[in-house]
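Have a look at the structure below before the remarks.
This is a predicted model, so every value here is computed, not measured.
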Amino acid sequence: MATGTEPSATRPRPRSGGVRTGTRAAIAAPHLRTDRWWLAPAATAAGLLAFVVYSTWRAFANADYYAAPYVSPFYSPCLAENCAPMRAGPNWELFGSWWGISPAIIILIFPLGFRLTCYYYRKAYYRGFWAAPPACAVAEPHGKYTGETRFPLILQNVHRYFFYAAVPVAGILTYDTVLAFRDEHYAWGHMGLGTLVFLVNIALIWAYTISCHSCRHIVGGKLKHFSKHPVRYRMWRAVGRLNARHMQLAWASLLSVALADLYVYLVASGVLDDPRFF
């Protein structure tokens, strides 16, 4: 019985490559979507590219990243000897004078690796930059598909280990937020606009970190009976609710960390005065 998908002499053969091969359904159209399906991957690529350009500039700038009591999240903790001195701040000179470039390069490896291997971000930049696939129900243009089974994409499996590194980094940024309740003379009991920026940023960073799929598995994975582990079950449910908003939290925290750095840059460079609430 004919199904309408068999190649024939009168039916045009689809283009070769990817899912459009002689062994697949003989549908000439690349897809049947009539909406503007390309807007989502294009917007994703534009947003990620904008962050990459901005963060690269700030990471290599090695300037205007500390304005007491605020330190840019791109430079915290500062692990090189050439760091700007920060009173009671995360200034740990683990790298000696031989480190001559920006100290941000040392610490950004961990949050960058965490986000780069994140399940959502992988989907986002695979679609946005590689068109693999470009959108739902739109065939990818590549000749073959190997998934994440070959180098370098097989390295995506280290995501859980980057999660372990991201947690202490988030803890240090929490410490920076506490220090933001000082004034420029390091006196406690003050709150400025920067303090509010830091509070929003650390809340989003923790929400994004905890909503990670690896965190959900660590909390509730390898349990045969949830009834025998009620505490872990409740934690797993809580993480699961956050996990349902993982995409939104990924973008919100990406924007907040860039805005926190931008705010410190504007204050440190003298463009903006930090308004004080009390």
Side-chain angles (χ1 to χ4, degrees), residues 17-19 37-38 40-56 58-60 73-74 79 104-173 204-223 235-236 239-258:
V19 298
W37 58 266
W38 49 269
T44 297
L48 292 176
L49 183 61
F51 179 81
V52 168
V53 171
Y54 173 80
S55 60
T56 301
R58 287 294 294 139
F60 282 95
F74 288 178
L79 302 180
I105 308 301
I106 304 172
I107 194 61
L108 281 182
I109 295 173
F110 302 107
L112 176 62
F114 179 54
R115 289 183 184 264
L116 194 66
T117 59
C118 166
Y119 293 139
Y120 165 70
Y121 280 117
R122 278 143 73 172
K123 166 192 165 185
Y125 64 76
Y126 286 176
R127 288 187 172 187
F129 293 109
W130 299 341
C136 292
V138 179
E140 64 175 275
H142 307 288
K144 59 181 179 179
Y145 175 78
T146 58
E148 297 176 336
T149 61
R150 297 182 180 180
F151 183 84
L153 296 185
I154 196 172
L155 297 178
Q156 302 282 30
N157 295 319
V158 302
H159 177 61
R160 171 174 292 193
Y161 301 101
F162 275 117
F163 169 76
Y164 295 148
V167 169
V169 171
I172 293 170
L173 296 183
L204 290 173
I205 285 179
W206 273 117
Y208 166 68
T209 304
I210 295 175
S211 69
C212 169
H213 295 75
S214 292
C215 179
R216 188 168 183 259
H217 179 73
I218 292 169
V219 170
K222 296 184 178 181
L223 294 181
M235 293 172 62
W236 179 79
V239 173
R241 284 191 289 270
L242 281 175
N243 182 259
R245 300 287 184 268
H246 194 53
M247 179 185 74
Q248 293 89 335
L249 293 171
W251 280 104
S253 60
L254 193 72
L255 179 61
S256 70
V257 74

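- Inter-residue side-chain proximity for Phe74 and Val257 is flagged as met; some heavy-atom pair is nearer than 4.5 Å.
- Smallest separation of non-hydrogen atoms from Tyr121 and Ala250: OH-O, 2.6 Å.
- For Tyr208 and Phe114, the ring centers sit closer than 6.0 Å to each other.
- To the nearest 0.5 Å, the span separating CH2 on Trp251 from CZ on Phe51 amounts to 10.0 Å.
- For the residue pair Pro41 and Pro134, the shortest heavy atom distance occurs at CG-O, 3.4 Å.
- A heavy-atom distance below 4.5 Å is not found between the side chains of Phe163 and His217.
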Under the side chain to side chain contact (heavy atoms under 4.5 Å, CB included) criterion, do Leu254 and Leu48 qualify, and how do the steps go?
-> CA-CA 9 Å; Leu254 193 72; Leu48 292 176; 4.2 Å; yes

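- Taking a 6.0 Å sphere around CZ of Phe110, one finds it holds 12 or fewer heavy atoms contributed by other residues, nucleotides or ligands.
- Between His159 and Ser214 the shortest heavy-atom distance is CD2-OG, 3.1 Å.
- When all heavy atoms of Ser256 and Ser253 are compared, the pair lying nearest together is OG-O, 3.0 Å.
- With rounding to the nearest 0.5 Å, the separation of CE in Met235 from CZ in Arg216 is 13.0 Å.
- To the nearest 0.5 Å, atom OG1 of residue Thr209 and atom CG of residue Leu242 are 10.5 Å apart.
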Run the numbers on Leu153 and Tyr126 for side chain to side chain contact (heavy atoms under 4.5 Å, CB included), then give the verdict.
-> CA-CA 11 Å; Leu153 296 185; Tyr126 286 176; 3.6 Å; yes

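- In this structure, CG on Leu116 lies 6.0 Å from CD on Gln156, to the nearest 0.5 angstrom.
- Under the 4.5 Å side-chain criterion, counting only non-hydrogen atoms from C-beta, Phe60 is in contact with Ile105.
- Using the six-membered ring where Trp is involved, Tyr164 and Tyr161 have ring planes that are perpendicular, over 60° apart on the 30 and 60° scheme.
- Using a 4.5 Å heavy-atom threshold, the side chains of Pro133 and Val138 count as separate.
- The shortest non-hydrogen separation linking Trp37 to Ala135 is CE3-CB, 3.7 Å.
- Ring-plane geometry between Tyr119 and His213 is classed as perpendicular, the angle between the planes exceeding 60 degrees on a 0 to 90 degree scale with a lower cut at 30.
- Shown here for Leu204 and Ala252, the closest heavy-atom pair between the two residues is CD1-O, 3.7 Å.
- With a 4.5 Å cut-off on side-chain heavy atoms, Arg127 and Cys136 count as touching.
- One finds the OG1 atom of Thr56 at 12.0 Å from the CZ atom of Arg58 (value rounded to the nearest 0.5 Å).
- Atom OH of Tyr54 has more than 12 neighbouring heavy atoms from other residues, nucleotides or ligands inside a 6.0 Å radius.
- Here the CZ-CD1 distance, from Arg160 to Ile218, works out to 4.5 Å after rounding to the nearest 0.5 Å.
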